[in-house]
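Shown next, in structure tokens, is the structure this report addresses.
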Amino acid sequence: MPGAPELAGGARFRTNPDRVAHLGALRPLLQDRLRTRTAGHWARVPPAAGVPAGPVNALDEAFAHAGQLGVEAVVDVGGTRQVAHPIRLGATPASCRLVPPELGEHTDDGFRTEERPGA
């Protein structure tokens, strides 16, 4: 962690097994360090060092972020808004054609006990 040589160079935290073994000591050190800056700051620091990272968003933030990226995250299917399929394929794009079932709509199907041919 930038500016934290006691964490980066310490033998207790050198490898992941070391960090796990000393998690009780590591957690408060990280919490204290992370409190010194905003979440926005910390969301930029790891990627700048080549470490993939990003914020954990609330739902409204996630949908807003998708919009900023030009990703349509919500689709309307038969008058019902729902989350769009997350995979984008150019030649065979995914689509949502069916509305979600009503609560309990398929419950009876899940409890059928009749014999199936070949079962």
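Numbers for residues simply follow the sequence, beginning at 1.
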Step-by-step side-chain contact (heavy atoms from CB on, under 4.5 Å) determination, R35 to D32: CA-CA 5 Å; R35 284 186 187 105; D32 288 346; 3.2 Å; yes
Atom pairs and distances, side-chain donor-acceptor, residues 61-79, under 3.5 Å, sequence neighbours left out:
unit_1	atom_1	unit_2	atom_2	d
E61	OE1	A58	N	2.7
D76	OD1	G79	N	3.0

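Evaluation of the side chain to side chain contact (heavy atoms under 4.5 Å, CB included) rule for P86 yields no partner, not counting sequence neighbours. Qualifying side-chain hydrogen bond (donor to acceptor under 3.5 Å, both in side chains) partners for S95, counting only residues two or more places apart in sequence or in other chains: R97.
C96 approaches Q82 most closely through the heavy-atom pair CB-NE2, 3.5 Å.
Note that CZ of R33 is 7.0 Å distant from CH2 of W42, once rounded to the nearest 0.5 Å. From L23, atom CG reaches atom CG of D18 across 12.5 Å, with rounding to the nearest 0.5 Å. The structure places OG1 of T92 at 10.0 Å from CD1 of I87, a figure rounded to the nearest 0.5 Å.
Inter-residue side-chain proximity for P93 and R88 is flagged as unmet; no heavy-atom pair is nearer than 4.5 Å.
Atom CG of L103 has 12 or fewer heavy atoms from other residues, nucleotides or ligands within 6.0 Å. Heavy atoms of other residues, nucleotides or ligands lying less than 6.0 angstrom from CG of N16 number more than 12. Annotation for E102: atom CD does not count as buried by contact number, only 12 or fewer foreign heavy atoms lying within 6.0 Å.
With R19 contributing its side chain and R14 its backbone, the two residues share a donor-acceptor pair below 3.5 Å.
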